[in-house]
Q: 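Okay, handing you the structure first.
What's counted below: heavy atoms across the whole structure, side chains too, no hydrogens, waters or symmetry copies. Small disclaimer: the values here were computed from a predicted structure and weren't measured.
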Amino acid sequence: MLEIGNTRQRNLLMLLYAMDDAGEATAAYLAEQTGLSVATISRGLSLLKAKTLVVQRRKGTTEVGRRPDVFSINGAYAHCMYCYLNADALQGYLLDLRGKVVSRHAVEVDCSLTVAQFLDKLADLKAVMMEKKRSSGCVLTVSLAISGLADVNDGIISQIPNFPNFANVNLSELVREKLGHPCFIYNAARLSAVGAYLQDADGAKNLVYMDVNGDCGVGAGIILDGRLYEDRTCLAGEVGHMVIGTNGDSGNGPMEREAGLDNVFRQAKRLLAHGSAPELQRLLDKQGSEQLSLSLLEKAAAELDLDIYSLLDRTTKVWAAAIANIYAVLAPDQIIVGGTVHQGHKLIEKMLRHHLSHMYHRPISLQLAKKGADTHVLGAAHLSGRFLLEMSLADTQVV
């Protein structure tokens, strides 16, 4: 975060934070929330309006007397460029000061991607999204999400599965040099946990979001008392590294090696190669490609492809074991399974609940993520928002 040493600049931040929380606010409300004097708030609002960082929306309503002015943050003032690197695409989003997506674009990538190529694609992505947006604000910060291990404090990548060229790279510093903006690196599962908490928590203060994806296996984000939990090693939530079973059975070893989707798809392809999984083969022939998906496997299983049904049953049993272990240690108010998995996967959900009912002695509050919900984008907007407000004040002269 920025070093905000000037008292008046700290006061401006307090005003911005209060407006960010409220959406819209009157001077009286800001005084109540910040404890600042009416005179200080009046001067601060005048400065922020002159800078166009704050805009007057309308007149408020009162039972008697003069109607007060209502102010809000000007979302178009500045933007955060947020990008998510997954197995086959670099997805870009331009977020305004209020966290709204004002433009988006994606470019294809593959596992041979080098860091230099990534930086060039990032610059191109920025140019395209800035051209597509309809506001005048500039980009002040960059946030990157990866399905891998990174130190959020110094921006150094430990590893990104499927992208071997990124190991032990200070990506945050390289992006700053390339684009000229501060850059933050996040784990995608952690961002999804924050987004799910904001969107689907239903009052839960303690939540675990288990991210099952086709990129690198299984990860998770942990929300404790309404805040993302991050330990000093940045490894909290790596549930895919759980050891499931120690007796040499199929559940022996780290969870994602046994039940990551890439392994599930390999097993399905092996079944097809041996002439098994006839219903899955029929569905593949019908779609005209060999592209596997979790939804396709579930459909085959629902059509009584016993080979695929057995494969999904074994897989969900391992997922359920991990969920039971999470619950036994943290006892969160809610566990959400997302990533590739969503509420449209009714058979997957039924299997999970069946296995959990036999594994744990108490009911577990479990739900699948909403289909198509970009919770990682919502999480990125939330975690980047306060720093973006600080950056917006960086060149403000306060006297």
Side-chain angles (χ1 to χ4, degrees), residues 1-4 9 12-13 16-17 19-20 48 50-55 72-86 89-109 113 115-146 150 152-155 157 166 169-188 191 194-195 374 376-397:
M1 293 298 181
L2 296 177
E3 291 294 332
I4 304 293
Q9 198 158 23
L12 291 180
L13 268 179
L16 289 175
Y17 288 169
M19 272 187 277
D20 186 45
L48 293 172
K51 186 178 170 65
T52 70
L53 185 49
V54 162
V55 293
S72 72
I73 292 172
N74 177 15
Y77 178 82
H79 301 90
C80 171
M81 178 179 169
Y82 166 62
C83 295
Y84 174 34
L85 179 64
N86 60 32
L90 177 62
Q91 300 172 347
Y93 306 81
L94 208 58
L95 309 172
D96 70 10
L97 277 179
R98 303 309 308 276
K100 178 183 177 182
V101 177
V102 296
S103 69
R104 65 180 73 201
H105 190 65
V107 293
E108 293 184 357
V109 298
L113 184 72
V115 174
Q117 290 170 337
F118 169 80
L119 294 173
D120 288 340
K121 287 181 180 292
L122 204 62
D124 292 342
L125 205 58
K126 175 186 173 182
V128 171
M129 290 193 296
M130 289 295 286
E131 185 177 347
K132 291 169 65 176
K133 74 180 178 65
R134 297 180 178 179
S135 58
S136 58
C138 61
V139 171
L140 291 182
T141 66
V142 178
S143 297
L144 298 176
I146 63 167
V152 297
N153 299 309
D154 58 23
I157 303 293
F166 285 72
V169 171
N170 191 329
L171 196 58
S172 181
E173 179 64 20
L174 292 174
V175 171
R176 186 194 64 78
E177 293 175 357
K178 181 73 173 182
L179 299 184
H181 309 303
C183 176
F184 302 92
I185 310 292
Y186 298 109
N187 176 279
L191 292 182
V194 174
D374 288 335
H376 61 97
V377 181
L378 184 59
H382 179 77
L383 292 183
S384 302
R386 290 295 166 93
F387 185 79
L388 193 54
L389 288 177
E390 292 185 12
M391 288 295 296
S392 298
L393 283 180
D395 62 347
T396 300
Q397 298 301 313

Q: Rounded to the nearest 0.5 Å, what separation is found between the CD1 atom of Ile146 and the CG atom of Asn187?
A: 6.5 Å

Q: If you round to the nearest 0.5 Å, how far is CD1 of Ile73 from CG of Leu16?
A: 5.0 Å

Q: Going by heavy atoms in the side chains, are Leu94 and Val139 under 4.5 Å from each other?
A: yes

Q: Any side-chain heavy-atom pair from Leu122 and Leu144 closer than 4.5 angstrom?
A: yes

Q: What heavy-atom pair brings Ala145 and Leu191 nearest, and what distance separates the two atoms?
A: CB-CD1, 3.6 Å

Q: Considering non-hydrogen atoms only, spot the tightest contact between Tyr93 and Met129 and give its length.
A: N-SD, 3.5 Å

Q: Decide yes or no for Val102 and Lys132: does some side-chain heavy atom of the first lie under 4.5 Å from some side-chain heavy atom of the second?
A: no

Q: Can we call the ring centroids of Tyr82 and His376 under 6.0 Å apart?
A: yes

Q: Would you mind reporting whether Leu378 and Val194 have side-chain heavy atoms less than 4.5 Å apart?
A: no

Q: In chain order, what residues pass the side-chain hydrogen bond (donor to acceptor under 3.5 Å, both in side chains) check against Asp96, with sequence neighbours excluded?
A: none

Q: List in chain and number order the residues that pass side-chain hydrogen bond (donor to acceptor under 3.5 Å, both in side chains) with Asp374, two or more places apart in sequence or in another chain; answer none if no residue qualifies.
A: none

Q: Any idea which heavy atoms bring Leu125 and Met81 closest together, and the distance?
A: CB-CE, 4.1 Å

Q: With rounding to the nearest 0.5 Å, note down the distance linking CG in Leu95 to NZ in Lys100.
A: 12.0 Å

Q: I want to check something: taking the side chain as every heavy atom from C-beta on, are His79 and Lys133 in contact at a cut-off of under 4.5 Å?
A: yes

Q: Using the test ring pair (Phe, Tyr, Trp, His ring centres under 6.0 Å), find all partners of Tyr186 that sit at least two apart in sequence or belong to another chain.
A: none

Q: List the residues meeting side-chain contact (heavy atoms from CB on, under 4.5 Å) with Leu113, not counting sequence neighbours, and say none if there are none.
A: Leu85, Val109, Gln117, Phe118, Lys121, Phe163, Phe166

Q: With Ser384, which residues qualify under side-chain hydrogen bond (donor to acceptor under 3.5 Å, both in side chains), at least two apart?
A: Ser143

Q: On a heavy-atom basis, which atom in Ser392 and which in Leu140 lie closest, and how many Å separate them?
A: OG-CD1, 3.6 Å

Q: Asn74 side chain to Val54 main-chain N or O, any donor-acceptor pair under 3.5 Å?
A: no

Q: Scan residues 171-185 for pairs that pass side chain to side chain donor-acceptor pair (under 3.5 Å), counting only residues two or more places apart or in two chains.
A: Asp120-Lys178, Lys126-His181, Glu173-Arg176

Q: When rounded to the nearest 0.5 angstrom, what distance separates CG in Leu393 from CG in Leu388?
A: 10.5 Å

Q: Could you tell me if the side chain of Leu174 sits less than 4.5 Å from the side chain of Val115, heavy atoms only?
A: yes

Q: Once rounded to the nearest 0.5 Å, what's the spacing between atom CG of Leu90 and atom NE2 of His105?
A: 9.5 Å

Q: Can you tell if the side chain of Leu53 reaches within under 4.5 Å of the side chain of Leu97, non-hydrogen atoms only?
A: yes

Q: Between atom SG of Cys83 and atom CZ of Arg104, what is the distance when rounded to the nearest 0.5 Å?
A: 12.5 Å

Q: Assess whether ring pair (Phe, Tyr, Trp, His ring centres under 6.0 Å) is satisfied between Phe387 and Phe184, documenting all intermediate values.
A: CA-CA 10 Å; Phe387 185 79; Phe184 302 92; 4.8 Å; yes

